Amino acid sequence: MHWSDVVAQRLSERGSKHIVSTGITPSGEFHIGHLREILTGDMISKAARNAGLDVEFVFIVDSADPLRKVYSFLDDSYSQYIGHQLKRIPPPNEEGCPDMERFAEGVSYADHFLEPFKQALEQIDVRPRFIDNFDSYASGKFAETARIACNNADKIREIIERVSNRELAEDWFPWNPIDSNGSIDGIRITGWNDPIVSWIDSDGNEGTSDVTKGEGKLPWRIDWPAKWAWIGVTMEPFGKDHGAAGGSYDTGKEIVELFSQEAPIDLTYEWISLRGQGAMSSSSGNTIGPLEALSLVPPEILRYLIASTKPNKAIEFDTGMGLVNLADEFERTTARDFSIEMDKEGLSRRQMVAIEDAKRALELSFISPHEETSSVTFRHLAMLAQTKSRDEDVWNSIGMIGTIPQSMIDRLDRMRTWVQSRHFPEELRITIMEEPDSEAIALLDDDNMALLPKLIESLRSCDWEISSIQNSISSTAKELEMSPRHAYRALYLCIMGTERGPRLPTILTELDQDAILKLLNACLQAKQES
RNA sequence: GGGCCUGUAGCUCAGUCAGGUAGAGCGUCGGGCUUUUAACCCGAUGGUCGCGGGUUCGAACCCCGUCGGGCCCGCCA
């Protein structure tokens with residue numbers, strides 16, 4: 001069974017109405033690692049609906065969280081905002097400095113990073129109900145849970161200390177008020193008189209906060225179960241950082257009982273890293289943003305990456321050949337006829353499971369509305385994008401006539417972007433030799449050598465366009481009773497340094513005739529001399 | 001100090017939850033397509049399932065141990 005269906009089954013055992021929740025702190029640029037969180041939730045929701053359950057999918061924007069530190073992409077002037085909630089500080093401008101103008105227009109730090117992520121979500125067909133955590137506090141959504149938490153501070157302290165096996169400070173209290181400067185750091189609680197906490201901040205200023213009005217926030221380990229409670233979350237996937245024993249899920253599981261609620265069903269997923277570069281990290285700049293990824297890869301393939309990988313499997317995102325293989329696997333899977341495969345006799349249980357899983361992974365990958373596309377592979381399109389500058393020629397080449405589906409136009413656009421990007425693998429790049437490549441020349445055999453002089457003559461006199469070039473090559477080969485395939489081999493070795501390659505006449509017409517003849521002669525000479 | 005994930009073909013991985021003669025894709029090699037879209041089709045190649053014990057008629061799978069890789073918690077994420 002596909003992993004999403006396994007979770008759906010667990011959900012159905014518990015009830016028919018569910019809220020699947022995900023959440024991310026907008027502390028910096030979103031990256032594809034975050035996509036796993038949201039796609040995992042999205043796919044579970046879809047699988048659960050598929051199982052006949054009533055499911056709502058929500059995405060909590062943790063905009064009430066404070067700025068932890070001055071990240072590398074921020075100007076030092078942000079140090080004044082450390083400890084301030086992300087919804088209440090200005091967005092960075094191009095230079096990483098606080099952009100007070102946009103802030104005045106109502107764009108917060110949190111909004112700044114959330115907006116592009118929302119666009120990416122649209123593209124990959126994820127449409128959650130967004131919940132802004134800061135606004136939720138402000139509008140009193142946490143009023144009840146905050147009061148319960150403060151009234152049960154001792155119990156919560158006991159849970160956290162026992163489950164996470166760590167000691168909390170003497171003056172620890174389950175509420176972080178906002179101090180006179182707007183920070184929730186370095187503040188000490190001096191009293192609790194439901195629903196008011198009194199505090200003294202690091203500057204010695206004293207004040208009070210009403211926990212029912214969001215004048216502050218619950219600490220993370222309580223904030224999370226409080227969200228479960230007021231939203232009614234029944235299922236939440238989360239990264240392995242929260243899943244560790246004694247981690248926030250373990251403590252949350254017990255704390256949520258104080259709010260008279262059951263902990264949601266959990267699913268811990270592994271991180272996504274960049275191939276050869278380690279974990280994705282917003283602060284080190286070692287990231288690929290969802291929008292950048294989407295400028296290269298069709299959305300259904302990003303979905304397929306998540307859908308076809310079990311959550312507990314770490315993913316190494318590879319923007320080079322790995323991407324090609326993934327995309328081609330997607331194409332092949334799309335072309336499969338699962339009903340015929342399932343009807344085959346003598347299938348082992350494992351084979352059936354594999355077929356089922358592939359089918360489900362594919363279904364979860366399609367974005368709606370699902371358009372029929374040509375089954376051109378990624379490799380093939382990569383080649384076409386390099387050899388045909390006009391889109392029209394690409395469509396003709398793969399037999400698409402009439403109205404081209406938007407998804408195909410997008411795919412070609414992305415391919416052209418990818419070809420020009422630093423991510424495009426050398427292996428697929430079409431390179432034309434300028435000088436004879438000695439290694440390739442060494443591979444020319446006697447037949448090739450016998451052919452070359454005649455071929456050069458024939459190419460010298462032919463019109464430099466596709467059919468004459470093609471004709472010239474095949475007729476020369478026939479003259480010598482050689483297979484055209486073998487004749488092409490000689491040309492590939494001389495021109496591209498490889499034994500095989502993409503359709504050559506097309507490429508030749510885009511190159512200078514004299515230069516090619518010169519190259520072929522040089523190769524001939526080099527071989528004869530060796 | 002505690003915990004999680006992971007180790008299977010040259011590469012990427014499935015198979016481990018419900019033990020029953022090792023799988024897929026890519027790659028490689030060979031053939032076909034009598035002018036090759038790196039296509040497509042057919043075939044072949046390829047693994048003492050990290051290692052050592054145990055349970056079992058039977059273990060990649062369960063149990064114990066061990067080695068290697070990745071990571072998390074131990075800072076009010």
Side-chain angles (χ1 to χ4, degrees), chain A residues 1 6 23-25 27 62 65-66 68 83 160 163-169 171-176 184-187 217-224 238-252 268-271 273 275 278-279 308-316 318 321-322 324-326 328-329 332-333 348-351 353-355 357-358 375-377 379-384 386-388 394 397-399 427-428 430 466-467 469-478 481 483-489 491-492 496 498-507:
Chain A
M1 216 191 313
V6 173
I24 298 173
T25 304
S27 57
D62 282 323
D65 289 9
R68 289 262 153 252
I160 293 177
V163 177
S164 74
N165 199 20
R166 71 178 203 214
E167 220 170 297
L168 294 175
D171 55 359
W172 180 89
F173 193 76
W175 182 259
N176 294 332
I184 62 174
D185 280 348
I187 190 166
K217 80 180 280 281
L218 292 161
W220 163 246
R221 283 192 188 244
I222 303 144
D223 174 86
W224 200 19
F238 46 81
K240 61 179 177 181
D241 49 339
H242 296 315
S248 44
Y249 179 75
D250 276 359
T251 49
T268 307
Y269 60 84
E270 257 283 356
W271 299 119
S273 59
R275 183 158 191 85
S308 63
T309 313
K310 295 212 280 194
N312 68 356
K313 196 88 194 167
I315 293 178
E316 269 195 70
D318 178 357
M321 278 315 285
V324 180
N325 291 332
L326 176 73
D328 282 352
E329 181 187 307
R332 273 196 308 276
T333 310
S348 67
R349 197 193 100 226
R350 277 176 200 147
Q351 285 172 310
V353 167
I355 294 169
D357 285 359
S375 61
V376 56
T377 64
R379 282 184 130 80
H380 191 180
L381 195 61
M383 194 272 302
L384 294 174
Q386 288 179 89
T387 54
K388 297 178 192 303
V394 173
S397 162
I398 55 178
E427 201 177 326
L428 288 186
I430 294 175
I466 296 174
S467 63
I469 293 176
Q470 203 166 60
N471 189 44
S472 160
I473 295 169
S474 54
S475 59
T476 309
K478 271 182 191 156
E481 292 182 343
S483 77
R485 189 195 190 94
H486 205 68
Y488 275 100
R489 178 176 183 269
L491 288 173
Y492 281 121
M496 295 174 57
T498 56
E499 290 188 89
R500 284 175 301 175
R503 196 186 190 92
L504 200 48
T506 327
I507 298 170

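Remember, predicted model here, so these are calculated numbers, not experimental data. Each chain gets a letter, A, B and so on, in the order the sequences are listed, and its residues count up from 1.
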Using a cutoff of under 3.5 Å, can you pull out all pairs of nitrogen or oxygen atoms linking the protein to nucleotides 26-31 of chain B, with atom names and distances?
none

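- Using a 4.0 Å heavy-atom distance criterion, A:Gly186 is classed as a base contact.
- Pair assignment for B:rC40 gives B:rG32, based on Watson-Crick or G-U wobble hydrogen-bonding distances that are each under 3.5 Å.
- Taking 4.0 Å as the cut-off between side-chain N and carboxylate O, A:Glu270 and A:Lys240 count as a salt-bridged pair.
- When the P atom of B:rA14 is taken as reference, atom CG of A:Leu326 falls 14 Å away, rounded to whole Å.
- Atom CG in A:Leu491 sits 5.0 Å away from atom CD1 in A:Ile473 (nearest 0.5 Å).
- Shown are A:Trp224, A:Trp271, A:Tyr269; of these, the ring pair (Phe, Tyr, Trp, His ring centres under 6.0 Å) with A:Phe238 is made only by A:Trp224.
- Across the C1' atoms, B:rA18 and B:rA24 are found 23 Å apart, a figure rounded to whole Å.
- Among B:rC76, B:rG70, B:rC71, the nucleotide with an atom closest to any side-chain atom of A:Glu270 is B:rG70.
- On the C1' atoms, B:rC13 is 14 Å away from B:rA60, given to the nearest whole Å.
- Here A:Asn312 reaches the OP1 or OP2 of B:rU6: one of its side-chain N or O atoms lies under 4.0 Å away.
- Comparing the C1' positions of B:rG19 and B:rC61 gives a spacing of 6 Å, expressed to the nearest Å.
- Residue contacts shown for A:Gln470 include a base, since a base heavy atom lies under 4.0 Å away.
- For B:rC51 and B:rC67, the C1' atoms lie 7 Å apart once the distance is rounded to whole Å.
- Using C1' as the reference atom, B:rA22 and B:rU37 are 37 Å apart when rounded to the nearest Å.
- The same atom, C1', is picked in B:rC75 and in B:rG68; the two are 30 Å apart, to the nearest Å.
- Residues meeting the salt bridge (Lys or Arg N to Asp or Glu O under 4.0 Å) test with A:Glu329, sequence neighbours left out: none.
- Checking B:rC62 for Watson-Crick or G-U wobble geometry (two distances, each under 3.5 Å) identifies B:rG54 as its partner.
- Going from the P atom of B:rG23 to that of B:rC40 covers 24 Å, rounded to whole Å.
- OP1 or OP2 of B:rG15 lies within a sub-4.0 Å distance of a side-chain N or O belonging to A:Lys310.
- In this structure, A:Lys313 reaches the B:rA14 phosphate: one of its side-chain N or O atoms is under 4.0 Å from OP1 or OP2.
- Taking atom P in both B:rC17 and B:rC63, the straight-line distance is 9 Å, to the nearest Å.
- Between A:Thr25 and A:Asp241, it is A:Asp241 whose nearest contact on RNA chain B lies nearer the 5' terminus.
- Side-chain atoms of A:Leu384 lie closest to B:rU37 of the nucleotides B:rC73, B:rU37, B:rC71.
- Not a single salt bridge (Lys or Arg N to Asp or Glu O under 4.0 Å) links A:Asp357 to another residue, sequence neighbours left out.
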